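In what follows, a structure is listed as structure tokens, so that the remarks can point back to it.
Since this is a predicted model, take the numbers as computed values, not measurements.
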Amino acid sequence: MGELGRISVYDALGGGSVADTLLWRKCYGGVMLLIGSTVMWFLFERAGYNFLAFVANTLLLLVVILFFWAKSASLLNRPLPPIPDLDISEESVLVAADEMRVWVNKGLATLHEIAVDGNLRTLIVVAVGLWLVSFIGSLFNFLTLVYIGVLLSLSVPLLYDTFQPQIDEKLIVVHKNMSVVFKKVDLILQNIPTSQKKQKKTE
């Protein structure tokens, strides 16, 4: 916890190597992520390189290098390539599958509210959300959007950690204004019938 009960940005990011990279406490990780994402964006967006061809050529080069490294190591009595035994544990697969199941069930529940229950309020919220995604997608392609996300993840946490008191003051004002707007929107949505089945039951 920081001053005046503020939560540490480092703790909010979960600590560890991820927080160190996003807050530039380990400059090596931040620099490598920035350079790597910039190179990938330039290759695919500006140079017009094909993603599938890039992956295939990279894997081909890696396999050839490892093959000749292993052959030369056996002939010259050198150590073999330092490749660790890569294995995905069953526990990690179950955790990922369980997390995915939660999100899929939420999506199916929302679809059920719209298609079966005829929930107009949920339909409006989903339609507005999808329209926003479509609008943002029309401004940038997917790769550029991912690159912008990487740039924001490397800059916003650092700026917030540096100027947290000043930013918190502005966010409090914005939160109050947005709360008023959301209350008005919620009042409008409450006047919209939520389910056709409920209407039929009341009739």
Side-chain angles (χ1 to χ4, degrees), residues 1-42 44-46 92 95-111 113-114 119-192 194:
M1 296 292 291
E3 297 179 358
L4 300 177
R6 291 191 177 94
I7 300 176
S8 171
V9 179
Y10 183 83
D11 295 334
L13 293 174
S17 58
V18 175
D20 290 333
T21 300
L22 296 180
L23 294 176
W24 292 86
R25 296 187 179 183
K26 289 183 179 179
C27 294
Y28 177 78
V31 170
M32 291 301 296
L33 180 60
L34 179 61
I35 293 177
S37 59
T38 302
V39 170
M40 296 290 287
W41 177 79
F42 180 81
F44 299 132
E45 182 65 20
R46 294 301 179 186
S92 60
V95 170
D98 187 63
E99 186 68 24
M100 185 179 297
R101 179 183 62 84
V102 172
W103 285 99
V104 170
N105 285 338
K106 287 182 179 180
L108 292 176
T110 303
L111 182 62
E113 288 185 12
I114 296 174
N119 194 322
L120 184 59
R121 187 186 307 172
T122 305
L123 174 62
I124 293 175
V125 173
V126 172
V128 171
L130 292 177
W131 178 83
L132 287 175
V133 173
S134 176
F135 177 74
I136 295 174
S138 64
L139 299 177
F140 312 99
N141 58 31
F142 180 74
L143 184 61
T144 302
L145 196 61
V146 171
Y147 181 61
I148 292 174
V150 173
L151 295 180
L152 291 176
S153 65
L154 291 175
S155 57
V156 173
L158 178 62
L159 293 175
Y160 181 70
D161 186 52
T162 305
F163 306 103
Q164 186 174 2
Q166 297 88 335
I167 294 176
D168 283 345
E169 293 178 0
K170 303 297 182 182
L171 289 177
I172 290 173
V173 176
V174 173
H175 180 266
K176 290 180 179 179
N177 295 331
M178 294 302 296
S179 296
V180 175
V181 175
F182 285 140
K183 286 180 180 179
K184 293 180 179 179
V185 174
D186 189 58
L187 289 175
I188 296 174
L189 292 177
Q190 287 180 356
N191 294 326
I192 298 175
T194 57

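- For the atom pair CG (L108) and CH2 (W103), the distance works out to 13.5 Å, reported to the nearest 0.5 Å.
- Side-chain contact check for L154 versus V150: some heavy-atom pair is nearer than 4.5 Å.
- The minimum heavy-atom distance between T38 and L34, with the atom names listed, is OG1-O, 2.7 Å.
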How far apart are the C-alpha atoms of W41 and V146, what are their side-chain angles, what is the distance that settles it, and do they pass the side chain to side chain contact (heavy atoms under 4.5 Å, CB included) test?
-> CA-CA 9 Å; W41 177 79; V146 171; over 6 Å; no
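- Note: D161 CG to I167 CD1 = 9.5 Å, rounded to the nearest 0.5 Å.
- Of the inter-residue distances, the one linking W131 atom CH2 with I136 atom CD1 reads 9.0 Å to the nearest 0.5 angstrom.
- With a 4.5 Å cut-off on side-chain heavy atoms, V180 and K184 count as touching.
- The two residues M40 and L143 make their nearest non-hydrogen contact at O-CD2, 4.3 Å.
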Side chain to side chain contact (heavy atoms under 4.5 Å, CB included) between T21 and M32, worked out = CA-CA 10 Å; T21 300; M32 291 301 296; over 6 Å; no
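- In terms of heavy-atom proximity, T122 sits nearest to T110 at CG2-CG2, 3.7 Å.
- Note that the CD1 atom of I172 and the CG atom of N177 stand 12.0 Å from one another [nearest 0.5 Å].
- Here S153 contributes atom OG and L158 contributes atom CG; the two are 11.5 Å apart, rounded to the nearest 0.5 Å.
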Trace of the side chain to side chain contact (heavy atoms under 4.5 Å, CB included) decision for T144 with I148 = CA-CA 6 Å; T144 302; I148 292 174; 4.0 Å; yes
